[in-house]
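What's counted below: heavy atoms across the whole structure, side chains too, no hydrogens, waters or symmetry copies. Just so we're on the same page: letters track the sequence lines, and every chain starts at 1.
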2 protein chains.
Amino acid sequence: MKALRISELAQKGGVGVETVRFYQRKGLLGHPGSAVSGTRHYGSEDVRRLRFVKQAQAAGFKLSEIAELLDLNRTDDRPRAREMARERIGQLDADIARLSSARASLSKLAEDCASGCDGPCPILAAFD
Amino acid sequence: MKALRISELAQKGGVGVETVRFYQRKGLLGHPGSAVSGTRHYGSEDVRRLRFVKQAQAAGFKLSEIAELLDLNRTDDRPRAREMARERIGQLDADIARLSSARASLSKLAEDCASGCDGPCPILAAFD
DNA sequence: ATACCCTGCGTACCACGGTACGGAGTCAAG
DNA sequence: CTTGACTCCGTACCGTGGTACGCAGGGTAT
């Protein structure tokens with residue numbers, strides 16, 4: 001396990017040095033035991049953890065949920081993992097529905113505004 | 001134009017008193033001219049403005065953008081309103097695509113996890 | 001050895017949309 | 001006249017995901 005410095009770990013994870021430290025503060029990455037010298041070492045385990053965080057983040061989990069997922073990863077609690085996935089999917093569906101609705105109404109307003117040239121602007125009138 | 005107190009205005013707009021004051025600070029609602037007494041009065045114009053904010057917010061605009069929309073409402077600048085609507089639709093499309101992608105991958109993982117009962121949990125393994 | 005970079009650490013700050021609190025003034029009812 | 005509800009105003013704080021900065025020490029190249 002070759003020793004990495006924080007900047008190398010950050011680079012391998014595609015994040016900044018400050019972000020690694022931020023994750024450490026949030027308990028997502030765990031502070032490595034203090035080495036005798038000021039500089040601490042990170043290994044492939046830390047790189048895996050960091051990539052796990054980025055992957056889970058891409059799936060829409062927030063950092064506090066990712067902390068729980070990391071814990072499940074230790075205990076291999078599949079039922080809980082499925083439950084969290086279901087919850088997250090439900091939230092994603094709700095978010096998508098909300099945005100789609102906003103998009104549809106806004107799209108219609110923009111269309112009306114472009115076609116009709118009389119009266120007040122439909123976009124502004126819709127909110128008024 | 002019957003005079004309203006801040007709590008009545010807030011109630012008509014479906015927000016809290018603190019939120020009205022927050023919008024005033026953000027320039028979305030404009031402080032009414034100081035009355036002689038400490039208590040200030042609000043009218044139907046303020047109610048319209050507050051409702052405009054909530055409507056525009058539902059369409060996915062952020063407060064800073066709504067401030068601009070309110071300004072367009074004064075000047076009736078339709079081209080700019082259409083431009084903002086287009087920009088907002090583009091952003092909504094990007095957001096919807098991102099969430100849909102997250103939903104699809106997570107949905108597949110949950111399915112795999114429910115069907116296959118051997119090996120490590122696919123949900124957790126996907127991030128690992 | 002001296003300059004320069006990187007390290008850990010703590011703290012403050014950013015956007016975003018609010019929420020909460022404390023002090024002082026005002027107003028109407030009892 | 002006192003009580004209680006309401007108002008104004010400023011300021012600080014919440015969660016979310018970071019970013020930035022300054023300090024003191026250690027590592028490395030010239």
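Remark: C1' of C:dA20 and CZ of B:R25 are 11 Å apart, rounded to the nearest angstrom. The CZ-P distance, from B:F61 to C:dA15, rounds to 21 Å in whole Å. When rounded to the nearest whole Å, the span between CG of B:L50 and C1' of C:dG17 equals 14 Å. Between the P atom of D:dG17 and the CD atom of A:Q24 lies a distance of 18 Å, rounded to the nearest Å. B:Q57 places its CD atom 7 Å from the P atom of C:dG17, with the value rounded to the nearest Å. Following rounding to the nearest Å, B:L63 (CG) and C:dA15 (C1') show an atom-to-atom distance of 12 Å. Atom CG of B:L29 and atom P of D:dC9 are 13 Å apart (whole Å). The separation between B:L9 atom CG and D:dC8 atom C1' is 15 Å, rounded to whole Å.
Candidate nucleotides C:dG17, D:dG18, D:dT7 were compared by shortest atom distance to the side chain of B:S7, and D:dT7 ranks first. Comparing atom distances between the B:I6 side chain and each of D:dG18, D:dT7, C:dC16 picks out D:dT7 as nearest. Which of C:dG8, D:dG10, C:dC6 sits closest to the side chain of A:Y42 comes down to C:dG8.
Sorted by first and then second residue, the salt bridge (charged side-chain N to carboxylate O under 4.0 Å, His left out) pairs involving residues 90-102 of chain B (not counting sequence neighbours) are A:R103-B:D93, B:D95-B:R98.
In this structure, B:R80 pairs ionically with B:E83, as a charged nitrogen and a carboxylate oxygen lie closer than 4.0 Å. A salt bridge links B:E45 with B:R48: at least one charged nitrogen is closer than 4.0 Å to a carboxylate oxygen.
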Carefully, step by step, assess A:D46 and A:R49 under the rule salt bridge (Lys or Arg N to Asp or Glu O under 4.0 Å).
CA-CA 5 Å; A:D46 298 295; A:R49 252 174 112 85; 5.9 Å; no
Would you please test A:Y42 and A:I6 for side chain to side chain contact (heavy atoms under 4.5 Å, CB included) and show each step?
CA-CA 7 Å; A:Y42 303 87; A:I6 195 172; 3.9 Å; yes
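Looking at heavy-atom distances under 4.0 Å, B:K62 makes contact with sugar-phosphate atoms alone, never a base.
Side-chain N or O atoms of B:E8 include one that pairs as donor or acceptor with a backbone N or O of B:R5 at under 3.5 Å. Judged by distance alone, the side chain of A:R88 and the main-chain N or O of A:K62 form no donor-acceptor pair under 3.5 Å.
Residue order along DNA chain C, read from the 5' end via each residue's closest nucleotide, puts A:E8 first among B:Y23 and A:E8.
Near DNA chain D, meaning a heavy atom under 4.0 Å away, the residues from residues 13-22 of chain A are A:E18, A:T19, A:F22.
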